[in-house]
Amino acid sequence: MNQFKKNVKSLLTFRWQPGQDTLVAFITALLMIPVYFVGTHVLNVAVTTIVFILLGNVLLNVLFPVFYILRVRGEGLADVGITLRKWWIAALISIAISAVSWLGLQRIFAQTPGVDPVPQILYHGLILWEPFFVYGWLQLRFERAFGILPGILLAGVAMGAYHIGTFPLSGVLTMALFGLSFAAVFRVTRNLLSMWPL
């Protein structure tokens, strides 16, 4: 019973300890908005490859957070959700999310005959930058600065925010709700395995 009370208290604890990490996380979240916009609106393959894939996904979303955590902060990969901690719970969550996602994909494929599902499945199976960036990087920085619930909320807002201009407002809100839901799930293990394939 005491452990349950501690967990609830930890969940409901809000703090105000923003620092350099918080600022850096907010800046990367803001930079993701134009990067994602270019990736979804510019039809030039060279520009999309350079801006969205190389500068955005590889540099901004993955390499910079890893460099910042390992070199600037002197922390380990567990501080961005790459860990064996609670791996079996994370694996079970991943299987459950994949099963639900598969059912949703089956409905979409049934409504669009002639569409090859293989590229979609491969694309979503390989998008590791998104859960890494939103949950491993942003959410854990926001949680450190403000607490568990604000970290979850801000991760959801960030997920919606970088879809601004690519989706209608209702779609942006839907993405934010998805982001919020997955942030809550990620918080159970703080292990990115639980978010793959997202």
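What you see is a predicted model, and the numbers here were worked out from it, not measured in a lab.
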Given Asp21 and Arg144, is the salt bridge (charged side-chain N to carboxylate O under 4.0 Å, His left out) satisfied, shown in steps? CA-CA 9 Å; Asp21 290 3; Arg144 183 181 288 173; 3.0 Å; yes

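- For the pair Met159 and Leu177, the minimum side-chain heavy-atom distance is 4.5 Å or more.
- Leu60 CG to Ile27 CD1: the interatomic distance, rounded to the nearest 0.5 Å, is 11.0 Å.
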Give the intermediate values and the outcome of side chain to side chain contact (heavy atoms under 4.5 Å, CB included) for residues Val188 and Ile93. CA-CA 10 Å; Val188 172; Ile93 291 170; 4.3 Å; yes

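- Taken together through direct or relayed side-chain contacts under 4.5 Å among Ile, Leu, Val, Met, Phe, Trp and Tyr, Trp129 and Leu70 form part of one hydrophobic cluster.
- Between the OH atom of Tyr135 and the CD1 atom of Ile152 there is a distance of 10.5 Å, given to the nearest 0.5 Å.
- Using cut-offs of 30° and 60° on the angle between ring planes, the pair Tyr36 and Phe52 is perpendicular.
- Trp87 contributes atom CH2, which lies 12.5 Å from atom OG1 of Thr189 (distance to the nearest 0.5 angstrom).
- To the nearest 0.5 Å, atom CD of residue Glu143 and atom CD of residue Gln139 are 6.5 Å apart.
- Taking CZ of Arg141 as the start and OG1 of Thr22 as the end, the distance is 9.5 Å to the nearest 0.5 Å.
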Under the side chain to side chain contact (heavy atoms under 4.5 Å, CB included) criterion, do Phe133 and Val62 qualify, and how do the steps go? CA-CA 7 Å; Phe133 179 69; Val62 178; over 6 Å; no

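- Here Leu59 contributes atom CG and Leu54 contributes atom CG; the two are 9.0 Å apart, rounded to the nearest 0.5 Å.
- The aromatic rings of Trp137 and Tyr68 sit perpendicular, their planes meeting at an angle over 60°, well past the 30° parallel limit.
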Show your reasoning for whether ring pair (Phe, Tyr, Trp, His ring centres under 6.0 Å) applies to Phe14 and Phe146. CA-CA 6 Å; Phe14 293 86; Phe146 308 115; 9.9 Å; no

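- With a 6.0 Å radius and a threshold of 12 heavy atoms from other residues, nucleotides or ligands, Leu12 has its CG atom above the threshold.
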Please lay out, stage by stage, how Phe142 and Phe26 fare under the test ring pair (Phe, Tyr, Trp, His ring centres under 6.0 Å). CA-CA 9 Å; Phe142 297 152; Phe26 272 118; 4.7 Å; yes

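- Applying the 6.0 Å contact sphere to CZ of Phe64 captures more than 12 heavy atoms from other residues, nucleotides or ligands.
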